[in-house]
Amino acid sequence: MTEKEKMLSQKMYDANYDSELEAERLECKTLCQEFNSTPVKELDKRKKLLKKIIGKTGENVVIGGGSVVVKDIPSNSVAVGNPCKVVREITDEDKNKSWDKE
């Protein structure tokens with residue numbers, strides 16, 4: 001079983017020396033760099049780059065910082081971790097709450 005297969009099956013894996021995972025990380029970093037240098041007014045290009053970076057996510061999804069998304073994330077959910085897993089649905093209370101620091 002490859003390290004990527006272990007990761008995708010949510011088993012312990014070593015991402016440090018696996019050439020396939022290293023190549024995917026480099027590709028993701030390259031896409032992130034391109035996204036960050038794309039003007040904010042180029043919405044279509046930025047949206048396409050995000051889809052390449054984070055894969056298929058539903059609408060109204062929150063992904064925790066540093067999470068590694070390896071499979072689809074459904075709409076209206078909060079997902080975190082490595083690998084990223086859905087931890088809960090977004091509630092109506094979440095939608096009505098102001099998340100700005102006071």
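Quick note: numbers below take in every heavy atom, side chains included, and nothing from hydrogens, waters or symmetry partners.
Side chain of Ser75 to main chain of Gly58: no donor-acceptor pair is present (N/O by atom type, distance under 3.5 Å, no hydrogens or angles).
Connection of Val61 to Val80 is not established within any shared hydrophobic cluster, with ILVMFWY side chains joined at heavy-atom distances below 4.5 Å, either directly or through further cluster members. Put simply, Val87 and Ile73 are part of two different groups of oily side chains (I, L, V, M, F, W, Y) that touch within less than 4.5 Å, one to the next. When hydrophobic clusters are built by joining Ile, Leu, Val, Met, Phe, Trp and Tyr residues whose side-chain heavy atoms come closer than 4.5 Å, directly or via intermediates, Ile90 is not grouped with Val86. Using a 4.5 Å cut-off between side-chain heavy atoms of Ile, Leu, Val, Met, Phe, Trp and Tyr, with links allowed through other members, Val70 and Leu21 fall into the same hydrophobic cluster. Residues Val78 and Ile63 do not share a hydrophobic cluster, clusters being chains of Ile/Leu/Val/Met/Phe/Trp/Tyr side chains in contact below 4.5 Å.
Listed by first and then second residue, the salt bridge (charged side-chain N to carboxylate O under 4.0 Å, His left out) pairs involving residues 33-42 are Glu34-Lys45 (not counting sequence neighbours). Counting only residues at least two apart or in different chains, salt bridge (charged side-chain N to carboxylate O under 4.0 Å, His left out) contacts with residues 62-80 are absent.
Summarising the geometry of Asp94 relative to Arg88, their closest heavy-atom pair is OD2-NH1, 2.6 Å, with the distance given to 0.1 Å. The two residues Ala79 and Cys84 make their nearest non-hydrogen contact at CB-SG, 3.4 Å. Nearest approach of Lys95 to Asn76, heavy atoms of both residues: NZ-OD1, 4.3 Å.
Within the model, atoms NZ of Lys29 and CD1 of Ile53 stand 13.0 Å from one another, a figure rounded to the nearest 0.5 Å. To the nearest 0.5 Å, atom CD of residue Glu24 and atom OG of residue Ser19 are 10.0 Å apart. A distance of 12.5 Å separates OG of Ser9 from NZ of Lys4, quoted to the nearest 0.5 Å. Distance CD/Gln33 to CG/Leu49: 11.5 Å, rounded to 0.5 Å. Once rounded to the nearest 0.5 Å, the distance linking CD of Glu89 with CG of Asn60 reads 11.0 Å. The CE atom of Met12 lies 10.5 Å from the CD atom of Glu3; values are rounded to the nearest 0.5 Å.
The side-chain heavy atoms of Val68 and Pro83, taken from C-beta on, include no pair separated by under 4.5 Å. Residues Thr38 and Lys48 have side chains not in contact (no heavy-atom distance under 4.5 Å, counting atoms from C-beta outward).
Within 6.0 Å of CG on Asn16 lie more than 12 heavy atoms contributed by other residues, nucleotides or ligands.
In summary, Asp18 and Lys6 do not engage in a salt bridge, as defined by a charged side-chain N under 4.0 Å from a carboxylate O.
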